[in-house]
Structures are given as C-alpha cells and as structure tokens.
Amino acid sequence: MTALNELTLAEARDGLKAKDFSAREIAQAHLDAIDRAKALNAYIVATPDRALKMADVSDQKIAKGEARPLEGLPLGIKDLFATQGVHTTAGSKILEGFEPHYESNVSAQLWRDGAVMLGKLNLDEFAMGSSNETSAYGKTISPWRRQGSDAPLVPGGSSGGSAAAVAAHLCLGATATDTGGSIRQPAAFTGTVGIKPTYGRCSRWGIIAYASSLDQAGPIARTVQDCAILLGSMAGHDPRDTTSVDLPVPDFEAAISRGVKGLTIGIPKEYRVEGMPAEIQRLWDQGADWLREAGATVREISLPHTQYALPAYYIVAPAEASSNLARYDGVRYGLRVPGKDIAGMYENTRAAGFGREVKRRIMIGTYVLSAGYYDAYYVRAQKIRTLIKRDFEAAYASGIDAILTPATPSAAFGIGEMASADPVQMYLNDVFTVTVNMAGLPGISVPAGLDAQGLPLGLQLIGRPFDEETLFAAAQTIENAAGRISLPKAWWA
Amino acid sequence: MSVDEKTVRRIAHLARIAVADEDVAPLQGELNAILAFVEQLGAVDVAGVEPMTSVTPMRMKKREDVVNDGGRASDIVANAPETEDNYFLVPKVVE
C-alpha cells in the first residue's frame, strides 16, 4: 500500500471519504515525514499540535457525514501568509517573533473548507529570489539530485519550501505566491505542478506584500487535478482586497477533463532565446506535438515586447517593494535595533533586519522613484507594461486560446552555483514567467520530462484573463501524455 | 545611467538603511549592474502609450462609509517591540 503521505490530494480525499484511514492518521504520517526531513529545511515552523487538533475535528465531521471539500487534507503554508498565532516571518530576520492576530484570506478559506495545517514553509526573504538561498532561516535543499551526484540543488524560488515539501511528500499540497515566477519556476525545478492564477483571482489580504501590482497567490501540488482542487478553495472575492475580483469561482476540477480538441495554442517565437539548451527546445516541441495529437491546432505567434518584460519588472517590482517594505521600521512589529535618534533606530533596524538581496531591491526601488528619475524609469516601465499586455491581447484576439512556452531556461542549479557578483544572472531565471505577471495573466507550470542528468523540466501554459479552466485542461493533456514524473526516493530520511 | 558612491549613500539614507563604509563599493557595483540591465528599455518607442495603472480593467471598489472594524488596540500593538498603554513607544523625537 502507498504510504499515506505519498497519495495525491485527490486520492487522499477519496480515501478519507471512504474511511480507509482517518484524518489523524494522514496528518501523523505527514508530521513523521517532516520530522525525518529536517535536512531539506523546507519548513520554518511545523505546527504538529494544531495539525492533530484540526485532524480530530475533521474526523468528527467525516463521522457525522458533514465533510467539507478539503476535509482532513494536510497542507503546508508558505511563510508569506499571515497565520493567526503562528510565527510568520516572510523568511526575514526583520519579522522575528511576529505572531499575527489575524489570518490571511487564502489560508482562512482553506481552513473553512476543512484542510489541516502542517506548518509554515521556507521561502526567499520577502519572496525575493529564485533559489530559496536568501532566506534568513537557511536554504531549502531540493529533494532532487543529479544522477550519480550528491551535490545539493536548489528547489527554485521564491516558493522553494512549498515546492520541495510537495515533491518530498511533506504535505499533499502547499500555498505559494508568484510575483515574477515564484510559483512556476520552483514547480518546474521540482517536478510539481504550480499555477499562478489571474491577478485578482485570489485575495492578497493577509499576504505579506512584495510588489502589489504583481503578487498573486496560487497552489503547488503533485498533479494538475490537485492544483485545480486547491485553487477552487483559495480563490474568490474578498472585499478587503480592492483588486480582488467579484467573479464566481468556476469548477476548476471539472475543467481538467475537457481536453484540448478545437483549441488553438500559440508558440511565441520570441521565447526561442539565444543559448537555450537543446533539451528545453526538444521538450517544448514535444509539448506542442502532444497538444496537436490531442486535437489542438498549434501555430506560431509573436509577442514582440517579450525581451523588455524582465528589465521592466526590475523597475516596477523594486519600486513597489521599496514602498511596501517601508513599514518595517522597528516600531510596529519584529526587530528593533537602537540608534542615536529615531532615524538612527530606523536605519540600524533595517540594516540588521534585511538581507542583502532585499536591501538591493529596496535601494533600486528608492532610486527609480526618486526626484528626477521617476519619469525616466518608473513611468517608462509602466508604459512598456502596457505594450506587453497589448501583445498578449493581440494574440488572444487573433484566436489563440492558450500559449505554450518552456517554464524555465534550465533545470535546477546547485546551491551556491549562481553566487556570482552580478545579480542579473539570477534574475534571468524568470525570463519566461515574468511576462505573465506584468500582464496579470494566469500561467501554469506542468512537469513534462527529465533532462540528461535526470532532473525535471516543466512547460508553461499562459491563458486569457480569468480562463484558468483552459490551462487546467491543457496541462492535464500534457500530464497524461508525459506521464507523472516519479519523485525522488527519500535519501534524506 | 549609473550611480556614484555619493548617490549610493544618498539612496541608502532615503531608504533608511544604514550602510557600512566597506559595503558602499560592492553595493555600487551591484546597483550599476541592475541599472545597466534596465538600460535597454530606452530603445522602446513609448510615444503615446499610457502607463499601466490597473492590471485588470476594473472600477475602483468603494465600501459604505460606516465604521465596520475597530476597538482592537491591544491586538494592533501586540507585536510591537515597545509599547505602553496601547501606544507604540519610539525614541524621543522632539526635545
């Protein structure tokens, strides 16, 4: 029999309903797995007491025939979501000791639907990074290794703890957030599925802000179906977030069996970037063939402003971050370091509390918003954002239903391998994902194969605004054709 | 455009981040690498293009102008490093 923590979320849901096992048993199986996986450092905090208490409530609900949609399913929560009474850090020293007196909207909806919280998952500090190496609580190690090597690899970032925990069976699914690729890139690096829904689909209320016009929550899980189930609970209108849209939440799970017959899939020629590894190109062609064989029409399209998305992102995101992170001043929460006066206290607190990458982005943001540079940098970047969005609108207006691209320009790299002096090298990880955030569109990353070293590679599908259903249908088609990736054996246990 | 040492110190002060003398030069290099990377945006013709102000075209939501929350001062100060009687305490600002 499959160990309880190795079931898919859908299988666990069915097993609980059939009373094959109890919510307490599956929660305990995960807590034991988390205990054995300390070497991966995927969790910043585990919450075993809360997990078992929630599982007991679930068992009572199941016994009374009152099971809710996610009853008894153990999940991990990215430590960017405020969780009432549970240490919430954003991976930063500056929030040391912070225990929110409120619950984020997205996590509250998961608990409303009966899910069980296992703990808080590691991430790049304030979600700024592509490798999980910037966390103040230590690096998360990927459960994956290159064939014949035990060199530690990154799980991607910023939702690296979420992706590693899902791939290592330390939860059935996890919450994550995506500002420039932080759901899709770690999902691709770990052989898991991750969807960033349309901007506005999930409430940002109670999620620690990085760049508010780009941030969006979504799930990471082991199958397309599991992601569809989780997004169904996470999404929905919240009057406390003015950008949350008042639209009904579709039945995402039902969409996975729609197939792609009759759909037109676009292949953007600008994504064929110089120096792209042959393996990635082959995988991309293979993905197009799978969709064609399943009845879709595939044709080349042009998104002419693609190359400008990443540089424009590195103006818009730091600018918004410099404003959002102004609140960490040693007054209202977290760390305080004394100074000779109040300004000195702010400066010392922020110098000690923020890590290098966060300081760098705050300073870039401060610079591009400062007097004399605002028009040249920030306003220009926002105009380019309009052009990027128009590119997508033109493609969709010409009859394209979804766009297929690689998820990342390479497979996972080793811990420390990107520690070059030039931060831009790390930023290039997001070259295929960041356009989607700039245009507010939904994007899903689905595992599609392994590279020559045995590491997973993902494909990305980009959809029309609020048409996540087509993405689930097309991603399921790829999952069916590629076969589910077999996840690594537990070398860490 | 690139930043000199003096500008790095000025930005750090505007951002309220203390920067040690030995960190100024490395930061200058890193910031200039990012600024060099975004330089290519200058090549784009943006004449007549509106800057994006709303990701999803939507009307600004407004709620009714009523008191719907409050009376939770102790929750709000609960995580502060220093408080007294539900006030945040900071170093003296005015002599």
Side-chain angles (χ1 to χ4, degrees), chain A residues 97-101 198-200 213 239 242-243 245 305 307-308 311-312 314-315 322 326 329-336 338-339 341-343 345-348 350-351 354 359-360 362-364 366-367 370 373 376-377 379-387 389 421-424 427 440 465, chain B residues 1 3 7-8 10-20 23 26-27 29-31 33-58 60-63 68-69 72 74-83 88-93:
Chain A
F98 176 54
E99 282 190 6
H101 282 226
T198 314
Y199 185 80
S213 76
T242 53
T243 61
V245 295
H305 295 91
Q307 70 170 110
Y308 301 112
Y314 275 96
I315 291 174
S322 75
D329 56 5
V331 175
R332 284 160 291 172
Y333 18 61
L335 187 74
R336 168 181 288 194
D341 53 16
I342 192 163
M345 186 273 282
Y346 294 153
E347 292 189 352
N348 292 344
R350 291 162 66 80
F354 290 137
K359 286 182 198 169
R360 200 145 60 200
I362 290 174
M363 288 179 65
I364 279 286
T366 304
Y367 180 66
S370 65
Y373 297 101
Y377 285 114
V379 175
R380 173 168 281 265
Q382 290 290 51
K383 286 180 180 174
I384 288 166
R385 213 172 155 186
T386 299
L387 294 173
K389 193 165 183 229
D422 182 356
V424 173
Y427 298 171
Chain B
M1 272 179 270
V3 293
T7 310
V8 172
R10 188 174 60 86
I11 303 168
H13 178 66
L14 284 174
R16 296 290 184 270
I17 297 173
V19 173
D23 287 337
L27 257 173
E30 292 161 14
L31 297 183
I34 300 169
L35 292 172
F37 176 59
V38 304
E39 197 95 311
Q40 53 182 300
L41 296 179
V44 185
D45 180 8
V46 293
V49 179
E50 280 296 306
M52 186 187 279
T53 48
S54 176
V55 192
T56 320
M58 61 194 292
M60 175 76 159
K61 281 186 282 191
K62 299 183 191 80
R63 67 169 178 84
N68 62 4
D69 200 355
R72 309 198 223 172
S74 60
D75 277 350
I76 288 163
V77 299
N79 277 289
E82 275 189 76
T83 63
F88 296 110
L89 288 189
V90 296
K92 195 192 273 184
V93 180

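Proteins come first, then strands; the chains are lettered A, B, ... in the order of their sequence lines, and each starts at number 1. The model shown is predicted, which means the values in this text are computed figures rather than measured ones.
Considering all non-hydrogen atoms of both residues, A:Val331 and B:Ala80 come closest at O-CB, 3.4 Å. Considering every non-hydrogen atom in both B:Leu27 and A:Met363, the closest pair reads CD1-SD, 3.9 Å. Of all heavy-atom pairs spanning A:Ala351 and B:Ala18, the tightest one is CB-O, 3.3 Å. The minimum heavy-atom distance between B:Pro81 and A:Tyr333, with the atom names listed, is CD-N, 4.1 Å. Here the closest non-hydrogen pair linking B:Pro51 and A:Thr386 is C-OG1, 3.5 Å. Residues B:Lys61 and A:Thr242 come closest through the heavy atom pair CE-O, 3.1 Å.
Here CE of B:Met52 is found 8.0 Å from OG of A:Ser213. Values are rounded to the nearest 0.5 Å. Atom CG of residue B:Leu14 and atom CD1 of residue A:Ile362 lie 13.0 Å apart, to the nearest 0.5 angstrom. Rounding to the nearest 0.5 Å places NZ of A:Lys383 at 10.0 Å from CG of B:Asp45. One finds the CG atom of A:Asn348 at 12.5 Å from the CZ atom of B:Arg16 (value rounded to the nearest 0.5 Å). Put simply, CD on B:Glu30 and CD1 on A:Ile364 are 10.0 Å apart, with the number rounded to the nearest 0.5 Å. If you take NE2 on A:His101 and CD1 on B:Ile76, they are separated by 10.5 Å, rounding to the nearest 0.5 Å.
Proximity to chain A is limited to the side chain of B:Phe88, based on heavy atoms less than 4.5 angstrom apart. Neither the backbone nor the side chain of A:Ala326 comes within less than 4.5 Å of any heavy atom of chain B. Contacts between A:Pro338 and chain B at a heavy-atom distance below 4.5 Å are absent for every atom of the residue. Of the two parts of B:Glu50, only the backbone, made up of N, CA, C and O, holds a non-hydrogen atom closer than 4.5 Å to a non-hydrogen atom of chain A. In this structure, the portion of B:Val3 lying under 4.5 Å from any heavy atom of chain A is its side chain and not its backbone. Neither the backbone nor the side chain of B:Thr83 comes within less than 4.5 Å of any heavy atom in chain A. Interface residue B:Val90: backbone and side-chain heavy atoms are both found under 4.5 Å from chain A.
Contact of the B:Ile11 side chain with the A:Ser370 side chain is not registered, since no non-hydrogen atoms from C-beta on lie closer than 4.5 Å. Between A:Thr243 and B:Thr56 there is no side-chain heavy-atom pair separated by less than 4.5 Å. A:Glu99 has its side chain within reach of B:Asn79: a pair of non-hydrogen atoms, C-beta onward, lies under 4.5 Å apart.
Your options are B:Ala43, B:Ser54, B:Ala20, B:Gly42, and the one with the most heavy-atom pairs under 4.5 Å with chain A is B:Gly42. Ranked by heavy-atom pairs under 4.5 Å with chain B, the list A:Ile384, A:Ile315, A:Val379, A:Val245 is led by A:Ile384. Ranked by heavy-atom pairs shorter than 4.5 Å toward chain B, the options A:Leu387, A:Asp329, A:Thr198, A:Asp341 are led by A:Leu387. Across B:Met60, B:Arg10, B:His13, the residue that shares the most heavy-atom pairs under 4.5 angstrom with chain A is B:His13. Contact tally against chain A (heavy-atom pairs below 4.5 Å) for B:Leu35, B:Val44, B:Leu89, B:Val46: the top residue is B:Val44. No other option in A:Lys359, A:Gln307, A:Arg336 has as many heavy-atom pairs under 4.5 Å with chain B as A:Arg336.
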Derivation and outcome, side-chain contact (heavy atoms from CB on, under 4.5 Å), residues B:Leu31 and A:Tyr367: CA-CA 10 Å; B:Leu31 297 183; A:Tyr367 180 66; over 6 Å; no

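In this structure, A:Arg380 contributes its side chain and B:Leu41 its backbone to a donor-acceptor pair below 3.5 Å. One N or O on the side chain of A:Lys389 and one on the backbone of B:Val55 form a donor-acceptor pair closer than 3.5 Å.
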